[in-house]
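As structure tokens, the structure follows; a few thoughts come after it.
Just so we're on the same page: letters track the sequence lines, and every chain starts at 1. Small disclaimer: the values here were computed from a predicted structure and weren't measured.
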Amino acid sequence: MAAQRRFQTVKGMHDLGGWKASAFVFVEEKAREVFSLYGYDEVRTPIVEETELFVRGVGEGSEIVGKQMYTFDDKKGRSLTLRPEGTAPVARAYLQNNWASGPQPVKVFYMGPYFRYERPQEGRYRQFHQIGAELIGDPGPYSDVELLVMLVRFLQELGFEDLEVGLNSVGDVECRKRYSQRLREYLAPYRDELGADSRRRLETNPLRILDTKAPRERELLENAPRLFDDLGGRAHDHFQEVREQLVQADVAHRIEDKLVRGLDYYTRTVFEITSTALGAQNAILGGGRYDGLIAELGGPSVPGIGFAIGQDRLVDLVLKIPGARQRLNAEAHRRRPVCVIPIGGSYRRHGMELAQELRAAGIPAICEFDSLRPLKARLKQAARHDCRWVVLFGEEEEKNREVVLRDFQDRSQETIPRDGFAAAVAAKIRPDEQP
RNA sequence: GUGGAUGUAGCUCAACUGGCAGAGCGCUUGAUUGUGGUUCAAGUGGUUGGGGGUUCAAGUCCCCUCAUCCACCCCA
């Protein structure tokens with residue numbers, strides 16, 4: 001016989017429980033609440049898509065497509081990929097379901113797992129989770145601003161106070177081409193001082209050199225031509241209007257002229273929020289405008305803008321906010337169950353019935369069925385389940401047609417009539433919610 | 001893909017230059033034949049991540065492998 005091996009999650013993927021799970025649900029509920037206030041509807045797209053969707057949508061030159069995708073062939077030899085990001089699938093859904101024929105602009109949000117094959121570290125996992133939103137069909141700039149206002153509102157509702165949006169414009173396709181050439185010319189004399197990655201990007205995608213972390217490269221870039229100066233008239237006006245309206249809307253932001261993003265589809269407005277409390281993987285969220293994406297996927301020329309929030313990182317931050325655990329705790333507290341303990345083996349069926357009556361009255365209830373164990377051990381279990389109230393039922397209670405309701409908090413207990421006991425328990429444990 | 005650190009009981013960690021694998025917490029039972037949290041007593045705990053090598057003797061030294069964490073890279 002082969003020795004039993006111990007199974008565990010695959011690298012970079014984790015079970016979520018306890019505080020983490022509560023916080024995950026908390027931010028998800030808050031996202032639904034806030035985003036729907038702004039007219040967004042939830043969509044769920046499949047976790048698996050055709051590989052080609054991401055190659056075309058995200059861009060062949062991007063890191064994601066280049067080396068981070070979970071790609072496999074199905075039984076018919078079709079190349080499929082576990083989604084590495086959310087915008088391309090939504091763009092695909094827009095075209096496939098002809099959302100263009102519905103009310104415009106289209107506003108959707110979504111949340112769920114995403115997959116990228118990278119070496120895991122703090123805040124970076126192979127299965128991670130994003131909450132995102134897309135606004136398709138309006139060229140802005142007011143849509144850009146409204147989207148950011150919603151985002152900031154969401155973060156404030158979660159309890160964040162001092163987060164600042166980093167903002168930039170990467171321009172339209174033509175400005176980018178023009179600027180790329182100028183940057184290439186500027187950096188050419190320093191070619192030998194660039195790292196291998198940046199040298200390669202000099203050919204493939206000079207913009208990406210801007211957000212380098214190498215100290216020497218940053219030095220060189222200080223005197224480099226600025227992307228902002230190469231913005232074409234319309235992209236320039238768009239950016240100005242966005243900035244102005246953000247000020248009007250009281251959205252704290254700062255211009256980061258070296259902010260470029262890793263996905264090829266971005267145009268004009270790009271933004272991100274980072275936090276120093278997160279370690280090396282400090283981006284909480286990122287997004288931007290993608291006016292060429294729908295067309296790139298074979299559709300009409302329709303503009304769009306969206307963002308993706310790193311839910312895992314966001315949750316880490318939420319749990320660091322003073323008082324956050326108490327808030328989550330209060331929620332859990334409201335749901336802590338009543339524990340029913342039938343005393344004696346022949347009363348287990350009664351225990352089940354009592355628990356059912358409590359649940360029918362809207363009270364969370366568990367039943368401690370293991371009647372062979374000593375009562376004290378079973379009470380201990382109830383305490384470990386974080387129960388405050390215990391309902392006891394045995395021979396004596398059956399004879400008197402009553403139940404015993406014990407309050408762990410002050411160690412008091414009372415007997416109440418068996419008939420209609422659930423209503424009495426409800427009145428006792430939730431006096432403020434009674435009609 | 002590259003580099004560094006770490007793997008000993010369910011958890012947190014001990015074990016001097018190789019010499020009988022330990023403690024705290026937890027868990028179970030009892031002190032209380034139907035009453036939790038405190039206390040006391042007893043009990044339960046392990047292929048030292050896996051494989052190979054050196055040695056009279058390996059948790060400890062050497063090689064390989066796997067896993068986790070952190071960082072580079074990249075991004076959410």
Side-chain angles (χ1 to χ4, degrees), chain A residues 3-14 27 58 61-69 83-87 111-132 195-198 200-201 208 211-214 259-263 266 271-275 278-288 306-317 339 341-344 347 368 370-397 404-413:
Chain A
Q4 278 292 318
R5 59 177 275 260
R6 192 150 155 153
F7 289 105
Q8 59 177 33
T9 54
V10 310
K11 185 192 281 283
M13 307 196 182
H14 301 280
V27 301
V58 180
S62 67
E63 297 282 328
I64 293 175
V65 172
K67 48 189 198 190
Q68 299 178 347
M69 294 206 298
R83 60 186 187 187
E85 62 98 48
T87 302
M111 52 191 75
Y114 294 82
F115 303 85
R116 291 183 199 172
Y117 192 91
E118 305 175 84
R119 282 284 278 272
Q121 68 181 80
E122 184 176 20
R124 187 176 74 186
Y125 314 111
R126 289 186 172 182
Q127 175 174 332
F128 58 105
H129 301 81
Q130 289 190 338
I131 300 176
D197 287 333
S198 291
R200 185 167 39 76
R201 288 193 181 119
R208 295 302 313 286
D211 63 357
T212 179
K213 284 181 191 164
L259 171 58
V260 293
R261 308 212 21 93
L263 284 61
Y266 285 117
F271 54 88
E272 68 182 24
I273 294 181
T274 58
S275 166
L278 281 178
Q281 305 302 317
N282 60 0
I284 309 168
L285 99 233
F307 61 79
I309 300 166
Q311 191 174 359
D312 312 82
R313 296 176 188 178
L314 185 67
V315 160
D316 286 345
L317 283 178
C339 184
I341 302 182
I343 302 169
Y347 290 92
E368 186 60 47
D370 189 355
S371 59
L372 294 179
R373 302 184 68 202
L375 180 58
K376 66 180 299 185
R378 303 168 72 199
L379 284 164
K380 192 170 181 182
Q381 284 304 313
R384 293 182 66 211
H385 281 296
D386 199 31
C387 298
R388 175 179 165 183
W389 304 89
V390 174
V391 168
L392 297 167
F393 190 83
E395 189 177 356
E396 191 180 326
E397 287 72 24
V404 170
L405 178 64
R406 181 172 179 76
D407 180 356
F408 273 166
Q409 194 151 296
D410 58 10
R411 305 178 73 99
S412 68
Q413 65 184 37

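Nucleic acid contact for Glu118(A): base, since at least one base atom lies under 4.0 Å from a heavy atom of the residue. Within 4.0 Å (heavy atoms only), Gly123(A) reaches at least one base atom of the nucleic acid. Residue contacts shown for Ala382(A) are absent, as no nucleic acid heavy atom lies under 4.0 Å away. Ile131(A) comes within 4.0 angstrom of nothing in the nucleic acid, heavy atoms only. Base engagement by Gln413(A) is indicated by at least one non-hydrogen atom pair under 4.0 Å involving a base atom.
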**OP:** Would you check, one step at a time, whether the test side-chain contact (heavy atoms from CB on, under 4.5 Å) holds for Val10(A) with Arg126(A)?
**Re:** CA-CA 9 Å; Val10(A) 310; Arg126(A) 289 186 172 182; over 6 Å; no

**OP:** Test Lys67(A) against Tyr117(A) for side-chain contact (heavy atoms from CB on, under 4.5 Å), laying out the working first.
**Re:** CA-CA 7 Å; Lys67(A) 48 189 198 190; Tyr117(A) 192 91; over 6 Å; no

Subject >> Chi angles and distances behind the side-chain contact (heavy atoms from CB on, under 4.5 Å) call for Phe393(A), Ile341(A) >> reply: CA-CA 6 Å; Phe393(A) 190 83; Ile341(A) 302 182; over 6 Å; no

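Between Gln121(A) and rA71(B), a side-chain N or O to OP1/OP2 separation shorter than 4.0 Å is present. For rG37(B), the OP1/OP2 oxygens have no side-chain nitrogen or oxygen of His385(A) closer than 4.0 Å. For the pair Arg119(A) and rA67(B), the criterion of a side-chain N or O lying under 4.0 Å from OP1 or OP2 is not met.
Along RNA chain B, the nucleotide nearest Tyr125(A) and the nucleotide nearest Thr9(A) are compared for position; the residue whose nucleotide lies closer to the 5' end is Thr9(A). If you find the closest nucleotide of RNA chain B to Asp407(A) and to Arg116(A), the one lying nearer the 5' end belongs to Asp407(A).
Leu405(A) has its CG atom 18 Å from the P atom of rU35(B), to the nearest Å. For the pair Glu122(A) CD and rC74(B) C1', the computed distance is 16 Å after rounding to whole Å. In this structure, Arg124(A) atom CZ and rC70(B) atom P are separated by 10 Å, rounded to whole Å. Following rounding to the nearest Å, Arg126(A) (CZ) and rG1(B) (P) show an atom-to-atom distance of 8 Å. With rounding to whole Å, Tyr117(A) atom OH is found 11 Å from rU2(B) atom P. Asp312(A) has its CG atom 13 Å from the P atom of rC69(B), to the nearest Å. Atom CD of Gln409(A) is separated from atom C1' of rU35(B) by 17 Å (rounded to the nearest Å). Here rG36(B) presents its P atom at 12 Å from CD1 of Ile343(A), a figure rounded to the nearest Å.
Of the possible polar contacts, none joining the Asp211(A) side chain to the Leu259(A) backbone as a donor-acceptor pair under 3.5 Å is found. Checking side-chain atoms of Arg116(A) against main-chain N and O of Gln127(A) turns up no donor-acceptor pair under 3.5 Å.
Smallest separation of non-hydrogen atoms from Asp370(A) and Arg373(A): OD2-CD, 3.0 Å. Closest approach of Gln130(A) to Ala308(A), counting heavy atoms only: OE1-CB, 3.5 Å. Summarising the geometry of Met69(A) relative to Ile64(A), their closest heavy-atom pair is CG-O, 3.2 Å, with the distance given to 0.1 Å. The two residues Glu397(A) and Leu392(A) come nearest to each other via the heavy atoms CG-O, 3.9 Å.
Nucleotides rG46(B) and rG59(B) place their C1' atoms 12 Å apart, quoted to the nearest Å. Annotation: rU8(B) and rU44(B) have their P atoms spaced 23 Å apart (nearest Å). Comparing rA23(B) with rG30(B), their C1' atoms are spaced 24 Å from each other, to the whole Å. Comparing the P positions of rC70(B) and rA57(B) gives an interatomic distance of 41 Å, to the nearest angstrom. The separation of rG22(B) from rG45(B), taken at their C1' atoms, amounts to 12 Å, rounded to a whole angstrom. For the P atoms, the distance linking rC40(B) with rU47(B) amounts to 31 Å, nearest Å. The gap from the P atom of rC61(B) to that of rA14(B) amounts to 15 Å, rounded to the nearest Å. Spacing between rA58(B) and rC20(B) at atom C1', rounded to whole Å, works out to 14 Å.
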**OP:** Convert the base pairs of RNA chain B into dot-bracket notation, remembering that pairs crossing earlier ones are written with [ ] and that bases paired across to another strand are shown as |; include only Watson-Crick or G-U pairs under 3.5 Å.
**Re:** (((((((..((((.....[..))))((((((.......))))))....(((((..]....))))))))))))....

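Two residues are said to be in side-chain contact when any heavy atoms from C-beta on lie closer than 4.5 Å; Arg378(A) and Ser371(A) meet this criterion. Two residues are said to be in side-chain contact when any heavy atoms from C-beta on lie closer than 4.5 Å; Thr87(A) and Leu263(A) fail this criterion.
The pair Arg384(A)-Glu368(A) does not count as a salt bridge, with every side-chain nitrogen at least 4.0 angstrom from each carboxylate oxygen.
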Identify the pairs formed between an N or O of the protein and an N or O of nucleotides 25-28 of chain B at a distance under 3.5 Å, and give each distance.
from, atom 1, to, atom 2, distance (Å)
rC27(B), OP1, Arg384(A), NE, 3.2
rU28(B), OP1, Arg373(A), NH2, 3.1
rU28(B), OP1, Gln381(A), NE2, 3.3

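Checking Leu314(A), Thr274(A), Ile273(A) one by one against Leu285(A), the side chain to side chain contact (heavy atoms under 4.5 Å, CB included) holds for a single residue, Ile273(A).
Closest to the side chain of Phe408(A), out of rC72(B), rG36(B), rC69(B), is rG36(B).
The stretch residues 388-397 of chain A touches RNA chain B through Leu392(A), Glu395(A), Glu396(A), Glu397(A), each having a heavy atom under 4.0 angstrom from the strand.
Between Phe128(A) and Tyr114(A), the ring planes are tilted. Angles from 30° to 60° get that label.
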